[in-house]
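Written out below as structure tokens is the structure these notes cover.
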Amino acid sequence: MKTIRNIAYLFAITTLFVATSCSRQKSEPKSDIAVTIEPLKYIVEHITGNDLSVEVIVPKGASPETYEPTPKQIIRLNNTKMIFSTGLIDFENSLTKRLNNQSAIINLSKGIELIEGSCSHNHSVAEESNSEHNHTHGIDPHIWTSPRELKIMAHNAYNAIKDIYPDSTKYHSAYNALIEEFDTLDKECEQLCRNSQSKAFVVYHPALTYFARAYGIEQIAVESDGKEPSAKHLAHIIEQAKAKNVQCVLYQMQYPRSVVEVVAKDMGVESKVFDPLAENVTENILQITRIVTGTKQ
């Protein structure tokens with residue numbers, strides 16, 4: 001009887017251990033692919049469909065500028081096949097140094113003509129030579145806010161995916177469909193901007209620099225060198241905006257709405273909130289274009 005009780009006890013302990021292990025595995029699922037921010041998820045998932053699980057490193061609502069990956073994330077990322085990044089945000093560069101599988105990191109900004117001096121994040125960009133160039137006024141990292149840059153990013157993502165899954169005709173077709181989507185978006189944005197009476201827009205933080213370059217419109221930033229504007233600077237912005245028939249003032253929800261509303265009121269236009277980190281980049285860029293050009297939906 002004692003032997004039977006011992007066997008039963010060992011069986012119960014083993015069952016409990018297995019159940020606990022399975023529960024732990026379920027609560028911490030592994031991802032095939034990781035992306036640093038939500039807009040990159042849109043690109044990757046449109047190419048791979050539902051075949052692969054995609055983890056977004058920066059959670060919704062968090063700022064990529066201040067985010068620090070958790071130790072659990074680092075462990076998961078070291079077992080991830082591919083990690084897609086812009087290669088331009090500070091935490092992405094620090095993340096690279098903390099990972100063992102650095103060959104899994106894909107920089108989607110490769111081939112993009114980067115804009116220097118319009119964003120005050122003090123980023124450093126590592127080029128292919130692995131040397132770092134520190135820019136006093138930084139490199140603007142918001143490459144996903146322009147359809148033309150999105151096409152280059154999609155091309156870089158597809159090439160990385162193709163290297164691991166070279167025989168997938170499905171991914172090739174999905175990639176072509178995504179490029180067509182971005183082409184259509186590009187043409188629509190170009191037409192809206194061309195037909196607009198306004199060739200400028202005001203934004204609190206300069207997050208639409210690549211968008212502005214693509215369509216030949218001027219981005220007037222309220223923020224000055226990463227700081228709240230002085231009264232003199234605000235007066236200059238209001239004067240510029242009135243002269244250039246600006247349709248609205250854009251701001252991100254994490255920035256002070258009170259300052260934006262003062263500028264908008266003095267300009268005689270509305271203030272509009274937007275999220276440059278929204279996952280659906282196509283829908284988001286089209287919405288931003290309609291706001292900037294004063295186009296009704």
Flag the pair [X] and [Y] as a salt bridge only when some basic side-chain nitrogen lies within less than 4.0 angstrom of an acidic carboxylate oxygen.
X	Y	answer
Glu270	Lys265	no
Glu218	Lys199	no
Arg98	Glu68	yes

Could you see if [X] belongs to whatever hydrophobic cluster contains [Y]? Use Ile, Leu, Val, Met, Phe, Trp, Tyr and a side-chain cutoff under 4.5 Å.
X	Y	value
Leu88	Leu99	yes
Val54	Ile75	no
Val260	Val262	no
Phe211	Leu114	yes

As a quick check of understanding, evaluate side-chain contact (heavy atoms from CB on, under 4.5 Å) for Glu113 and Arg213, giving each step before the final call.
CA-CA 11 Å; Glu113 184 182 347; Arg213 178 177 70 180; 3.9 Å; yes

Out of curiosity, [X] [atom1] to [Y] [atom2], how far, rounded to the nearest 0.5 Å?
X	Y	atom1	atom2	result
Ile143	Ile152	CD1	CD1	9.0 Å
Glu149	Ser109	CD	OG	10.5 Å
Met82	Ile164	CE	CD1	4.0 Å
Leu277	Leu40	CG	CG	9.5 Å
Leu192	Thr295	CG	OG1	4.5 Å
Asn93	Ile105	CG	CD1	9.5 Å

Donor-acceptor pair, distance only, cut-off 3.5 Å: does the side chain of [X] make one with the backbone of [Y]?
X	Y	answer
Asn101	Leu77	yes
Ser94	Phe91	yes
Tyr210	Asp140	yes
Asn156	Leu108	yes
Asp32	Lys81	no
Gln252	Phe274	no
Lys187	Phe182	no
Arg148	Ala214	yes
Ser198	Asn245	yes
Glu92	Gly87	yes

Is the distance between the ring centroids of Tyr251 and Tyr204 less than 6.0 Å?
no

Looking at the rings of Tyr175 and Tyr171, which for Trp means the six-membered one, are their centres under 6.0 Å apart?
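No.
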
Closest heavy-atom contact between [X] and [Y]?
X	Y	value
His142	Ala207	CB-O, 3.3 Å
Leu95	Pro69	CD1-CG, 3.8 Å
Gln219	Leu208	OE1-N, 2.8 Å
Ala154	Leu178	CB-CD2, 4.0 Å

Results of side-chain hydrogen bond (donor to acceptor under 3.5 Å, both in side chains) for Lys170 - residues two or more places apart only:
Asp51

Residues that Thr48 engages under side-chain hydrogen bond (donor to acceptor under 3.5 Å, both in side chains), provided they are two or more places apart
none

Heavy atoms, side chains only, cut-off 4.5 Å: are [X] and [Y] in contact?
X	Y	result
Arg290	Glu188	yes
Leu185	Glu181	no
Phe84	Ile161	yes
Ile89	Thr86	yes
Thr293	Asn195	no
Val202	Leu250	no
Ile139	Ile115	no
Ile220	Val203	no

When the ring planes of His172 and Tyr158 are compared, do they come out parallel, tilted or perpendicular, using 30° and 60° as the limits?
tilted

Crowded around [X] [atom1]? As in, over 12 foreign heavy atoms under 6.0 Å?
X	atom1	answer
Glu239	CD	no
Asn50	CG	no
His233	NE2	yes
Glu283	CD	no
Lys244	NZ	yes

What verdict does the side-chain contact (heavy atoms from CB on, under 4.5 Å) test give for Thr70 and Ile74, after you've listed the backbone C-alpha separation in whole Å, the side-chain angles of each residue and the deciding distance to 0.1 Å?
CA-CA 6 Å; Thr70 66; Ile74 297 296; over 6 Å; no

Using only heavy-atom distances, determine whether the side chains of Glu261 and Ser271 contain a donor-acceptor pair under 3.5 Å.
no

Would Trp144 and Ile37 count as a side-chain contact (heavy atoms from CB on, under 4.5 Å) here? Give the steps.
CA-CA 10 Å; Trp144 62 90; Ile37 55 176; 3.6 Å; yes

Test Tyr215 against Asp186 for side chain to side chain donor-acceptor pair (under 3.5 Å), laying out the working first.
CA-CA 9 Å; Tyr215 303 115; Asp186 184 19; 2.8 Å; yes

Testing [options] one by one against [X] for a side chain to side chain contact (heavy atoms under 4.5 Å, CB included), which residue passes?
X	options	result
Ile285	Ser146, Pro276, Pro147	Pro147
Lys41	Asn280, Val56, Val281	Val56
Ile83	Val35, Ile106, Ile57, Ile33	Ile57

Partner set under ring pair (Phe, Tyr, Trp, His ring centres under 6.0 Å) for Tyr42, not counting sequence neighbours
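With sequence neighbours excluded, Tyr42 shows a ring pair (Phe, Tyr, Trp, His ring centres under 6.0 Å) to His46, given in chain and number order.
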
Checking Lys272 against Gln247 for the side-chain contact (heavy atoms from CB on, under 4.5 Å) test, could you report, in this order, the C-alpha distance in whole Å, the side-chain angles of both residues, the deciding distance, and whether it holds?
CA-CA 10 Å; Lys272 299 276 188 177; Gln247 300 294 310; over 6 Å; no

